[in-house]
Amino acid sequence: MEGVDKEKVQRVVYEMSKGSKYFQNEERKEAFIKQKIDNMRIQCASLSQADLAHYQKVADSRIVELESSRDLSRIWLHVDMDAFYAAVETLSNPTLKGKPMAVGSMSMISTANYEARKFGFRAAMPGFIARKLCPELIFVPTDFNKYNYYSDLTRKVFRRYDPNFIAGSLDEAYLDITEVCRERNVKSEEIVQELRAGVNEETGLTCSAGVAPNRLLAKVLGFSDINKPNGEYVLPNDRMAVMTFVSSLPIRKIGGIGKVTENILKRVFGINTCEQMLGKSSYLCALFSQSTAGIKRAAENIIPKFTFILSFFILFLLLDTYHHLFSQVRFRKSISNERTFSATKDEVLLHKKMEELAEMLSADMQKEGLCGRTLTLKLKTASFEVRTGAVTLQKYISSSEDILKHAKKLLQTELPISSDPTQKTITNFITSGDVNRNCSSFPDVADHDFVSNSETDLSIDSWQTSQLDWRDPFDGNHLSDVDYQSCIVQKSDCVEEVQTSSNDATSSHYNGFTEVLGSTSYQGKFEGINVKNGSNLLEDERLDSCCQEKTMLWLNDYKCSLCGIELPPSFVAERLEHSDFHLAEKLQKEESRIHQTSVPSQRRMESLDKANPRSKSCRRKKAVIHTY
DNA sequence: GCGGATCAC
DNA sequence: TATGGTGATCCGC
């Protein structure tokens, strides 16, 4: 925004945040990212000229491949309502017009009108900081009924131009206007003007639009602020025009690249724009193609974030292969609710909060006719750490009683907070899918000061494709046959650490926990593996004896013979780690085979229930998971 | 399957 | 005084 005193804004934000729990947590996260960046820099530096030449070849061949399959024939339109919530509120209360106003609360604002943005508000800025920047700021509470109503009005207009338009959110949509342009033999500009006028007529609201050969680019045009507010921008279906626009585009403008990724790309590779990304393709290829999962998915033509998107982003911009990431969510995969409340150490209160959430969740699920079998509990401590715990059940559930029953168990495993790193568990290593995550121990003496914030989360997976009804979220008829179909439930709960008299006890508690995370989770991994020798072969005796499978080799000195992943010879530690991965995979398979044949699933559930006496508290900590 | 993270709106 | 809620995806176990 023009005329914003950025320095002043930064200073105010800093002054208001400094020293707060929130701020401390942000610092902790930043330190983590810094470490990650340092590690990546080291990896970069260790690449030899030969390595780089190798990866450059790989990168170049992929680029050629992608260029040859480019399609610039479609015309996509991205529409974005201007300051939507704020604009709707102004419609229903015209006295707000011209005054700085924000929709949201003192905790968080969702949208601010353009008068207010002049004061330098950022996305997701808490209300109390916004008010500091602009004391006369008017707050209006959110009212989704209104926004839904107006959103529907806009969608009626969109439908005229593309009956299959894709709704990105309440205030955003993608339209394929290729056909309309062809049928009416007009340029896209004409359609866009007409559509925007139509939206304004129907709603009294203004919107901005971007037109480009694919959705990603159309949206980026909106991000670029060149067309906002109340404007439009058309990018011709021409390779040169696209390349010119994209080459100077800051990477952060692209959907999917957020604060953290931007930081990594900048500080590790010195990449600021899309063009620079192309210049670093060999490095990107070397560092981001290491993941086994990435290779596997790439083979299946699914695009994993780092392997492909980052490495060749500039080309995907042209290709639109990236579509699926932005495509309409055909059916939900999870359902959840969460609440943040002030810190408490009162366990009774926590349970009460959880009951409320379970009921809300169950009601939401029943409204949509959903059930599920994976329940996730989410806890946020007063120091803003977030933890989750999950169970996958054998049966699908949706009642609040069922949700609560399992959520309580999950909460029990989190309470009280302890930073004891010796409480290791290897259950999830050996018996994947084992639900029993409790470990009985004596009740903890320490105070577990919690506050809370509870959330319930239900997810649904593996839909039966035959259930066509499910594809239409507005169709209420799908309930009947679904119960035992493939759904999943998650429930979550957030707890914040309490911040009361027993401050000292709690904070030291937490410091301990933080340390565990910071020092062991990332590095410990490598250390453990370095114990092995420097050989590139996987020569574990157990492996040889129990699974007579092929031994892993580095083909052409780069490629893993088992999964195809590429690692340069100089990445000794990474190669060892990779060997270890294959070993673990085999062991895990072996173990689960043994487990399956010897322990009937029914019994596993019984043991779960027995191992969960309510009176005991469990001290299992999540940090532990990272430490083996 | 799980847990931590990142991202978008 | 005070930093949200919902849903999705990815990575590395």
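What you see is a predicted model; the values in this text were computed from it and never measured. First the proteins, then the strands, lettered A, B, ... as listed; each starts at 1.
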Report yes if a side-chain nitrogen or oxygen of [X] is closer than 4.0 Å to either non-bridging phosphate oxygen (OP1 or OP2) of [N]; otherwise report no.
X	N	answer
A/R373	B/dG1	yes
A/S336	C/dG7	yes
A/T392	B/dC2	yes
A/S334	C/dT6	no
A/T340	C/dG5	yes

Nucleotide [N], atom [atom2] - distance to [atom1] of [X] in whole Å:
X	N	atom1	atom2	answer
A/M108	C/dG4	CE	P	5 Å
A/L410	B/dG3	CG	C1'	12 Å
A/M106	C/dA2	CE	C1'	8 Å

>> Between A/Y22 and A/E27, is there a side-chain donor-acceptor contact under 3.5 Å, judged purely by atom types and distance?
In response: no
>> Tell me if the side-chain of A/S17 makes a donor-acceptor pair with the base of C/dT3, cut-off 3.5 Å, by modelled atom types.
In response: yes
> Counting side-chain heavy atoms from C-beta on, which of C/dA8, B/dG4, C/dT3 comes nearest to A/I129?
Replying inline: C/dT3
> By salt bridge (Lys or Arg N to Asp or Glu O under 4.0 Å), which residues pair with A/K395, not counting sequence neighbours?
Replying inline: none
>> Tell me every residue that passes salt bridge (Lys or Arg N to Asp or Glu O under 4.0 Å) with A/D171, counting only those two or more places apart in sequence or in another chain.
In response: none
>> Measuring centre to centre across the rings, with the benzene-like ring taken for any Trp, is A/Y14 within less than 6.0 Å of A/F23?
In response: yes
